[in-house]
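Structure record follows, encoded as structure tokens.
We name chains A, B, ... by the order of the sequence lines, and we start the count at 1 in each one. Quick caveat: nothing in here was measured; it's all calculated off a predicted structure.
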Amino acid sequence: MDLRDKSFFEKVYEVVRLIPRGRVATYGDIAAFIGQPGAAKMVGWAMNASHTAYPPVPAHRVVNRNGLLSGKHHFHPPELMIRLLENENVEVDNDKIKNFSKLVWQPMKELKY
DNA sequence: GCAATGACTGGAG
DNA sequence: CCTCCAGCCATTG
């Protein structure tokens with residue numbers, strides 16, 4: 001798979017890299033921002049291949065709409081995701097982001113196009 | 001090109 | 001906040 005060319009994946013990566021340190025974003029918001037609302041699953045799919053992207057993508061800042069770390073099982077080890085978040089002062093409780101509603105970063109609203 | 005897949009989501013209960 | 005359901009769409013076999 002040539003991720004070198006511009007694609008859905010690369011758009012996702014760009015947005016994810018814009019997520020401020022200590023903040024998190026949802027798959028749906030990212031998908032909507034790149035003009036493909038409803039393609040939230042594709043964002044997750046992109047994250048699945050994000051390890052091949054460069055510069056690295058802070059995939060640990062991307063969670064589902066409930067603030068649940070749905071993708072932690074894709075990290076090695078899974079606890080790494082939580083460790084990275086806590087390292088940014090993001091509190092995690094039982095695989096969920098505490099104060100999620102306040103930490104969530106929405107490109108649509110933050111960047112306001 | 002059809003069928004299955006998946007780190008999802010919004011609405012309803 | 002949780003569960004269940006139907007819809008979502010790029011990528012893969």
Side-chain angles (χ1 to χ4, degrees):
Chain A
M1 50 181 81
D2 291 314
L3 298 176
R4 293 167 296 185
D5 300 324
K6 294 177 182 178
S7 64
F8 181 87
F9 291 150
E10 191 168 320
K11 291 182 181 178
V12 173
Y13 299 150
E14 278 198 45
V15 179
V16 175
R17 284 194 278 253
L18 291 177
I19 303 174
R21 189 174 182 288
R23 302 291 296 285
V24 295
T26 69
Y27 300 93
D29 285 342
I30 294 171
F33 185 71
I34 63 179
Q36 304 257 12
K41 286 185 175 178
M42 299 307 101
V43 175
W45 194 269
M47 292 299 93
N48 192 40
S50 67
H51 67 91
T52 63
Y54 192 83
V57 180
H60 60 284
R61 294 180 187 150
V62 185
V63 298
N64 69 5
R65 75 164 192 268
N66 299 312
L68 182 67
L69 309 188
S70 53
K72 81 166 199 168
H73 294 300
H74 291 260
F75 285 79
H76 302 291
E79 294 70 36
L80 176 61
M81 187 175 188
I82 297 175
R83 193 184 310 160
L84 291 170
L85 287 169
E86 296 187 323
N87 193 44
E88 301 182 349
N89 289 314
V90 175
E91 298 176 79
V92 178
D93 175 58
N94 191 28
D95 294 351
K96 292 191 298 289
I97 306 277
K98 285 186 177 180
N99 274 326
F100 174 65
S101 59
K102 294 181 180 177
L103 292 176
V104 66
W105 179 80
Q106 305 180 317
M108 300 284 273
K109 299 181 178 178
E110 301 292 337
L111 301 180
K112 274 281 176 66
Y113 265 93

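Consecutive Watson-Crick or G-U pairs involving DNA chain C, each under 3.5 Å on both distances, make up stems of three or more pairs at B:2-6 with C:9-13, B:8-13 with C:2-7.
Taking a 4.0 Å limit (strictly below) on heavy-atom distances, residues 79-102 of chain A does not reach DNA chain B anywhere.
Looking at the side chain of A:S50, the nearest of the listed nucleotides B:dA7, B:dT9, C:dA10 is B:dA7. Considering only the side chain of A:Y27, B:dT9 comes nearest among C:dA10, B:dT9, C:dT11. Counting only heavy atoms from C-beta on, A:A40 has its side chain closest to B:dC8 among B:dC8, B:dA7, C:dT11.
Between the CG atom of A:L85 and the CZ atom of A:R21 there is a distance of 10.5 Å, given to the nearest 0.5 Å. Here the CZ atom belonging to A:F33 is positioned 12.5 Å from the OG1 atom belonging to A:T26, to the nearest 0.5 angstrom. With rounding to the nearest 0.5 angstrom, the CG atom of A:L69 is 9.5 Å from the CG atom of A:N94. Taken to the nearest 0.5 Å, the CG atom of A:D29 stands 9.5 Å off from the CH2 atom of A:W105.
Atom CG of A:N48 and atom C1' of C:dT12 are 12 Å apart (whole Å). Following rounding to the nearest Å, A:N66 (CG) and C:dC2 (C1') show an atom-to-atom distance of 9 Å. As rounded to whole Å, 15 Å separates atom C1' of C:dT11 from atom CE of A:M47. The separation between A:F9 atom CZ and C:dA10 atom C1' is 7 Å, rounded to whole Å. Remark: C1' of B:dC8 and CZ of A:F8 are 11 Å apart, rounded to the nearest angstrom. Going from atom NZ of A:K11 over to atom P of C:dT11 covers 11 Å, rounded to whole Å. With rounding to whole Å, A:K41 atom NZ is found 11 Å from B:dA4 atom C1'. At whole-Å resolution of the value, CH2 in A:W45 and P in B:dT5 are 10 Å apart.
Judged by distance alone, with hydrogens and angles left aside, the side-chain atoms of A:Y13 form no donor-acceptor pair with the main-chain N or O of A:P55 at under 3.5 Å.
By the rule that hydrophobic residues join a cluster once side-chain heavy atoms approach within less than 4.5 Å of another member, A:I30 and A:W45 end up as members of one cluster. Residues A:V24 and A:M108 fall into different hydrophobic clusters, defined by Ile, Leu, Val, Met, Phe, Trp and Tyr side chains chained together at heavy-atom separations under 4.5 Å. Put simply, A:L18 and A:F8 are part of the same group of oily side chains (I, L, V, M, F, W, Y) that touch within less than 4.5 Å, one to the next. Under the 4.5 Å side-chain contact rule for hydrophobic residues, A:L68 and A:L84 do not share a cluster. Residue A:V62 is not grouped with residue A:I82 when hydrophobic side chains (ILVMFWY) are merged at heavy-atom distances under 4.5 angstrom, including chains of intermediate members.
Applying the side chain to side chain contact (heavy atoms under 4.5 Å, CB included) test between A:V16 and each of A:R61, A:K11, A:M47, A:H60 identifies A:M47 as the sole match.
Between A:S7 and C:dA10, a side-chain N or O to OP1/OP2 separation shorter than 4.0 Å is absent.
Taking every heavy atom of both residues into account, A:G71 and A:M81 meet most closely at C-SD, 3.9 Å.
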What does the list of N/O pairs under 3.5 Å between the protein and nucleotides 10-13 of chain B look like, with a distance for each?
| from | atom 1 | to | atom 2 | distance (Å) |
| --- | --- | --- | --- | --- |
| B:dG10 | N7 | A:R65 | NH1 | 2.7 |
| B:dG10 | N7 | A:R65 | NH2 | 3.1 |

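Across all strands, A:A59 comes closer than 4.0 Å to base atoms (heavy-atom distances). Within the nucleic acid shown, A:N64 comes within 4.0 Å of sugar-phosphate atoms alone, with no base atom in reach, counting heavy atoms only.
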